[in-house]
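Just below is one structure, and these are the notes that go with it.
Naming: A, B, ... by sequence-line order, numbering from 1 per chain.
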Protein chains: 4
Amino acid sequence: MSTGSSHKPGRRGDTRQRIQDITLELIAEQGYEKTSLREIAERLGVTKAALYYHFKTKEDILVSLFQDLTAPIDELIEWAAEQPHTMATKQEILTRYGTAMVDAAPLFRFMQENQATVRELSIGNNVKDRATKLVDFLLPEDASLADRVRCFSALISMHAGMFMLKETEGDPEEKRRAILEVATELVTRAHEH
Amino acid sequence: MSTGSSHKPGRRGDTRQRIQDITLELIAEQGYEKTSLREIAERLGVTKAALYYHFKTKEDILVSLFQDLTAPIDELIEWAAEQPHTMATKQEILTRYGTAMVDAAPLFRFMQENQATVRELSIGNNVKDRATKLVDFLLPEDASLADRVRCFSALISMHAGMFMLKETEGDPEEKRRAILEVATELVTRAHEH
Amino acid sequence: MSTGSSHKPGRRGDTRQRIQDITLELIAEQGYEKTSLREIAERLGVTKAALYYHFKTKEDILVSLFQDLTAPIDELIEWAAEQPHTMATKQEILTRYGTAMVDAAPLFRFMQENQATVRELSIGNNVKDRATKLVDFLLPEDASLADRVRCFSALISMHAGMFMLKETEGDPEEKRRAILEVATELVTRAHEH
Amino acid sequence: MSTGSSHKPGRRGDTRQRIQDITLELIAEQGYEKTSLREIAERLGVTKAALYYHFKTKEDILVSLFQDLTAPIDELIEWAAEQPHTMATKQEILTRYGTAMVDAAPLFRFMQENQATVRELSIGNNVKDRATKLVDFLLPEDASLADRVRCFSALISMHAGMFMLKETEGDPEEKRRAILEVATELVTRAHEH
DNA sequence: TATGAATGAGAGTTCATTCAT
DNA sequence: AATGAATGAACTCTCATTCAT
């Protein structure tokens with residue numbers, strides 16, 4: 001992605017994008033608090049003040065990342081709302097969700113590993129709302145408490161699996177399929193009364 | 001047998017203990033970075049400098065909490081190493097693990113919500129090691145990739161479930177049972193080839 | 001005949017004027033230091049850089065306001081210099097001064113409330129000079145120290161009165177007359193040896 | 001005042017006092033906004049952080065100065081409240097007020113020259129309250145609008161006189177007497193119906 | 001007649017940590 | 001067993017100003 005090499009003159013007018021890219025990279029690695037604006041600016045080869053030309057606050061950079069990168073999740077939710085509550089739909093929800101996560105992997109890794117931070121930030125509610133909605137789509141009509149746990153676990157396992165199985169041996173694509181399989185299994189189980 | 005630094009309670013010197021208690025309370029609520037020594041000291045009614053009489057650094061407080069509160073997990077691992085690899089054993093591992101988590105709930109909540117921080121701290125490896133060992137105990141002998149995911153999910157779901165189902169309605173004890181049920185189910189599934 | 005820098009209104013280029021208006025409004029409310037160019041630009045709906053097309057520096061905006069709004073005071077001084085030193089003249093000086101103040105109320109309020117700032121700025125000397133000259137016009141020939149104080153008080157009271165009696169009840173016009181009355185009284189007293 | 005010379009080891013435990021002294025000196029000269037904590041710290045030979053050991057914020061330093069230095073004014077108000085409303089009392093109010101101002105001259109100079117700043121700060125209301133109370137003590141019972149202006153002018157003239165007549169020639173003590181004379185005259189006039 | 005993009009300097013504030021007492 | 005006093009480094013953020021377009 002990006003031209004990859006020379007940084008001084010580089011692109012024209014893509015600074016905003018580059019701020020987002022580098023910020024995402026850094027907070028996924030180090031967390032939000034430990035990533036300073038100085039560090040972001042240094043990596044970009046600009047001044048801290050330049051960041052403030054493009055974003056109003058530090059948190060605003062993160063918010064913009066969320067808005068840009070979680071749009072697919074919102075679309076997924078919108079789509080799901082119009083579908084019949086069949087297992088096929090639920091299966092597709094999981095699949096799509098997996099794809100969205102892989103596409104925005106660093107952001108999801110950040111969310112997974114910095115839940116305390118996310119909770120305190122302005123995006124916290126959004127995140128929780130979406131999770132609740134998604135679980136609701138997966139639930140059977142007469143869900144028992146255990147069924148709720150199953151569907152919740154399905155989502156959680158996808159999140160955690162994506163980022164904590166990195167050090168396990170095996171082809172990533174294969175691992176992804178295995179995770180999806182288990183998640184689907186959990187949702188299916190929830191429907192077998 | 002004391003761990004070298006001569007700091008066992010010593011009867012009537014419970015400040016050390018109180019530092020740990022308040023620190024745990026605060027980091028579970030706010031995270032590690034956002035909890036300052038000033039805040040801890042203020043809540044205790046002592047000076048920041050007093051903290052340094054009892055602990056070498058801020059991180060040291062956290063480390064001591066880990067050592068004190070995760071001992072049951074280590075014992076569980078030791079115990080498990082001597083048991084036969086039967087489903088009954090595995091079932092008991094999950095049960096005991098659940099109990100240990102509830103007993104040290106704030107610490108586990110902290111670990112769940114601040115994975116990035118934990119990873120960077122000196123305790124990070126410990127945590128990962130223990131998780132790996134526990135998953136290994138749960139695995140069947142001829143585990144497929146999906147089986148690994150199942151056993152991993154079992155543990156993860158227990159963690160996440162304990163702290164994210166707080167706002168779901170229902171009796172806590174009942175919820176705990178449901179979580180355990182699903183976790184057991186996942187491990188069982190892993191053995192049904 | 002334009003003053004060199006080509007910046008007379010020129011019909012349909014009222015931005016310069018609007019910058020002055022908004023700046024005056026803001027510094028009268030908040031003071032000079034606490035009014036930023038960003039704020040001025042935002043209120044105008046232009047960029048900060050646009051301000052620099054019309055004025056060389058922040059201070060320059062203030063200077064221009066002074067030059068435009070205190071012209072009547074200069075004219076008053078010129079006029080007074082040609083009048084006989086009678087009480088009637090002095091009475092009229094006070095009256096006219098009051099009118100000038102009301103006409104440029106925000107600027108005078110700013111001067112009253114930000115004396116430290118005005119003193120440090122390039123306009124500081126102007127202000128002091130004018131005050132001295134005006135007091136001199138009001139003084140009797142054989143003025144005692146107390147007489148100087150009386151005439152000085154007359155002017156000061158007009159300034160302070162105009163802006164600090166705002167929260168007192170009563171018709172503004174009436175208050176103005178009362179202030180003028182007291183000022184005149186002070187000058188008269190100074191002449192009663 | 002103070003030992004005057006060597007600054008490095010100097011006093012023990014008087015840092016708080018020295019912060020107040022230097023801050024007062026600087027804000028009287030330059031104003032509040034233009035006086036930075038860096039400057040204060042440098043003059044003291046300590047770090048900015050040291051200031052924060054003694055005061056919670058920049059504004060807090062100013063507040064502490066107010067509390068310490070305007071106590072005599074509060075006492076004056078308390079005293080006045082118990083006196084009969086005679087001209088002798090009023091005369092003494094003015095005299096005492098003048099003394100209090102001279103004793104805390106730099107602070108009063110700051111207040112006189114930075115009214116906009118004072119107004120916005122937490123001390124603003126205090127200042128206004130006190131002024132109102134003092135004027136009320138000076139007023140005759142059946143005060144006309146002009147009488148209010150006279151008493152108000154009396155106070156204002158004392159303030160302004162003290163700091164703006166600095167460059168006029170003459171013995172300071174003599175000037176002070178002249179100012180008091182005019183102020184008394186104004187209050188007297190207010191009672192001559 | 002303006003804007004977009006940036007800078008350098010500096011602001012106030014907070015932090016973990018130290019050390020003599 | 002603890003305090004008082006301080007430090008150095010870092011933080012987020014704002015400012016007036018510049019300049020190519």
**OP:** Calculate the interatomic distance between A:Glu42 atom CD and E:dT7 atom C1'; express it in whole Å.
**Re:** 15 Å
Original post:
Which of these nucleotides, E:dG4, E:dT3, E:dG8, is closest to any side-chain atom of C:Ala50?
Top reply: E:dT3
**OP:** At under 4.0 Å between heavy atoms, which parts of nucleotides 14-21 of chain E does protein reach? Answer with one letter per nucleotide, 5' to 3': B base, S sugar-phosphate only, - none.
**Re:** BSBBBB--
Original post:
Any donor-acceptor pair under 3.5 Å linking the side chain of B:Thr47 with the backbone of B:Ala50?
Top reply: no
**OP:** Mind calculating the distance between CZ (C:Phe55) and C1' (E:dT1) to the nearest angstrom?
**Re:** 14 Å
Original post:
Of all residues at least two apart in sequence or in a different chain, which pass the side-chain hydrogen bond (donor to acceptor under 3.5 Å, both in side chains) check with D:Asp129?
Top reply: none
Result block: side-chain N/O donor-acceptor pairs under 3.5 angstrom for residues 110-117 of chain C, not counting sequence neighbours:
from, atom 1, to, atom 2, distance (Å)
C:Gln112, NE2, D:Gln115, OE1, 3.4
C:Glu113, OE1, D:Arg119, NH2, 2.3
C:Asn114, ND2, C:Phe110, O, 3.0
C:Gln115, OE1, D:Gln112, NE2, 3.4
C:Gln115, NE2, C:Gln112, O, 3.0
C:Thr117, OG1, C:Glu33, OE1, 3.1
C:Thr117, OG1, C:Glu33, OE2, 3.3

Original post:
What residues form a side-chain hydrogen bond (donor to acceptor under 3.5 Å, both in side chains) with C:Thr70, not counting sequence neighbours?
Top reply: C:Arg130
**OP:** Specify the residue among B:Val46 and D:Val46 whose closest nucleotide of DNA chain F lies further upstream toward the 5′ end.
**Re:** B:Val46
**OP:** Would you please name every residue forming a ring pair (Phe, Tyr, Trp, His ring centres under 6.0 Å) with A:Phe108, sequence neighbours left out?
**Re:** A:His159
**OP:** Could you check how far CG of D:Leu51 sits from P of F:dA6, rounded to whole Å?
**Re:** 10 Å
Original post:
Taking only side-chain nitrogens and oxygens of B:Tyr53, does any of them come within less than 4.0 Å of OP1 or OP2 of F:dA1?
Top reply: yes
**OP:** Return the set of residues passing ring pair (Phe, Tyr, Trp, His ring centres under 6.0 Å) with D:Phe55 (not counting sequence neighbours), or none when no residue passes.
**Re:** none
Subject >> Pairing annotation in dot-bracket form, given for DNA chain E with Watson-Crick or G-U pairs under 3.5 Å and | for cross-strand partners >> reply: .||||||||||||||||||||
Subject >> Partner set under side-chain hydrogen bond (donor to acceptor under 3.5 Å, both in side chains) for A:Gln20, not counting sequence neighbours >> reply: A:Ser64, A:Asp68
Original post:
In whole angstroms, how far is the P atom of E:dT1 from the CD1 atom of C:Ile19?
Top reply: 11 Å
Subject >> Pairwise side-chain contact, B:Leu37 with B:Ile40, heavy-atom cut-off 4.5 Å (strictly under) >> reply: yes
Subject >> Non-neighbouring partners of D:Glu120 that pass side-chain hydrogen bond (donor to acceptor under 3.5 Å, both in side chains), sequence neighbours left out >> reply: none
**OP:** Could you tell me the separation between the CZ atom of A:Arg18 and the C1' atom of E:dA6, rounded to a whole number of Å?
**Re:** 13 Å
Original post:
When the nearest nucleotide of DNA chain E is assigned to A:His54 and to D:Glu39 on a heavy-atom basis, which residue is associated with the more 5' position?
Top reply: A:His54
Original post:
Rounded to whole angstrom units, what separation is found between the CG atom of A:Asp14 and the C1' atom of E:dA6?
Top reply: 14 Å
Subject >> F:dA2 OP1/OP2 closer than 4.0 Å to side-chain N/O of B:Thr15 >> reply: yes
